[in-house]
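What follows is a single structure, written as structure tokens, with notes after it.
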Amino acid sequence: MSLSFPLIDASTGYEIIAFTRRGRWYWYLRHPRTKRFIRRIRELTIKTTVTVDYKEEMAKKRNPLYVDMTVATVLKDSFEPRELLDAETTLIDVAHRELATNFSSGVPTISEVVGIEYFSYAKYHEYLPEVHVEIIWWHREGEHASETEYTTRA
Amino acid sequence: MQVRQNTPQELEVLKIDIDIPWDIFKRLKYTWVATRRAILSTLGYELADWIIHRSQNGKVHAWITVEVRKPLSVWEKAELQFLLGDDHNRSKLNFLRAEKTPEKFDSFNILFSKKVVRSEKGKGGDN
């Protein structure tokens with residue numbers, strides 16, 4: 001994986017930019033059209049989303065499954081881009097581990113890591129290595145959905 | 001959806017995923033914004049700001065900031081995003097989430113900052 005700047009703040013669409021000064025990394029939020037600086041970013045949330053869409057026609061035992069899962073963590077002030085990339089890899093590993101734990105060991109193999117969001121604030125209270133997990137799932141569209149939310153460690 | 005007169009007090013950000021190539025969209029960009037303004041105005045809302053980015057796989061992500069009198073319910077958000085031109089597959093899932101797990105709606109109302117793996121299932125929805 002790589003980072004291409006500017007990053008995009010998932011909640012507003014603003015740009016997240018980073019630069020170094022005297023060996024220290026600074027992160028800022030900027031409006032993409034006006035280029036106006038909005039504020040310094042002191043905490044950044046990274047959230048990865050994993051889905052499982054095991055449709056009825058694929059399910060040999062007629063056990064379709066739809067899962068939406070997010071795994072997120074917060075990085076504190078003056079982190080480096082390298083740490084951001086490492087955190088992304090960690091979150092994906094945790095997502096696969098938690099899918100296996102919550103469903104079965106085969107489920108990670110039919111899952112899809114669909115994307116990563118960045119938020120320019122601490123969206124959760126979990127700082128790396130703690131991570132925040134949210135899962136919703138259902139078996140058929142008409143059925144009631146189940147959900148769970150918890151904190152774990154990477 | 002009811003048409004309403006409001007006294008704007010709060011801002012809500014709506015996330016729109018447009019599943020057409022950026023090169024085509026950019027020719028229509030300002031017309032698209034003007035028509036979103038018209039749609040919102042018809043529904044009694046006001047467009048406060050808009051941000052449009054080329055998504056990582058060459059399509060379009062838009063963040064539409066709307067002035068509202070009171071916070072939108074998750075169902076209203078799902079409806080407004082659909083009416084503003086959100087990808088239909090994404091809208092379908094958003095309606096399902098709004099219905100089944102409304103308290104989790106915002107967590108899964110996603111426009112990705114970074115796409116990790118492109119879907120191979122041809123199901124649209126370049127979130």
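A, B, ... follow the sequence lines: proteins, then strands. Residue 1 opens every chain.
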Can you see which heavy atom on Val114(A) is nearest to which on Phe112(B), and at what distance? CG2-CZ, 3.5 Å
Under 3.5 Å, is there a donor-acceptor pair between the side chain of His53(B) and the main chain of Ile8(A)? no
Counterpart residues, side-chain hydrogen bond (donor to acceptor under 3.5 Å, both in side chains), relative to Arg153(A) (two or more places apart): none
Membership question, hydrophobic clusters at under 4.5 Å side-chain separation (ILVMFWY): are Ile24(B) and Ile52(B) in the same one? yes
Please flag which part of Glu147(A) lies under 4.5 Å from any non-hydrogen atom of chain B: side chain, backbone, both or neither. side chain
Cut-off 4.5 Å, heavy atoms of chain B, and the answer for Lys47(A) is side chain
Can you tell me how far apart CD1 (Ile110(B)) and OG (Ser11(A)) are? Round to the nearest 0.5 Å. 12.5 Å
Can you hop from Val74(A) to Ile16(A) via hydrophobic side chains spaced under 4.5 Å? no
Distance-minimising heavy-atom pair for Arg97(B) and Tyr66(A): NH2-OH, 3.4 Å
Exercise: identify the closest heavy-atom pair between Thr12(A) and Ile51(B): O-CD1, 3.5 Å
With rounding to the nearest 0.5 angstrom, report the CD1 to OG1 distance, Ile135(A) to Thr101(B). 12.5 Å
Val13(B)-Val74(B) co-clustered via ILVMFWY side chain contacts under 4.5 Å: no
Shortest non-hydrogen contact from Ser107(B) to Tyr124(A)? OG-OH, 4.2 Å
Is there any residue in residues 17-44 of chain A with a non-hydrogen atom under 4.5 Å from a non-hydrogen atom of chain B, and which ones are they? His31(A), Pro32(A), Arg33(A)
For Lys104(B) and Thr148(A) the tightest heavy-atom approach is CE-O, 4.2 Å
Quick check: does any side chain N or O of Trp138(A) sit under 3.5 Å from a backbone N or O of Lys100(B), one acting as donor and the other as acceptor? no
Using the rule that two of Ile, Leu, Val, Met, Phe, Trp, Tyr join whenever any of their side-chain heavy atoms come within less than 4.5 Å, decide whether Leu7(A) and Leu75(A) are in one cluster. yes
Membership question, hydrophobic clusters at under 4.5 Å side-chain separation (ILVMFWY): are Leu128(A) and Phe119(A) in the same one? no
Distance from Asp49(B) atom CG to Tyr14(A) atom OH, nearest 0.5 Å? 5.5 Å
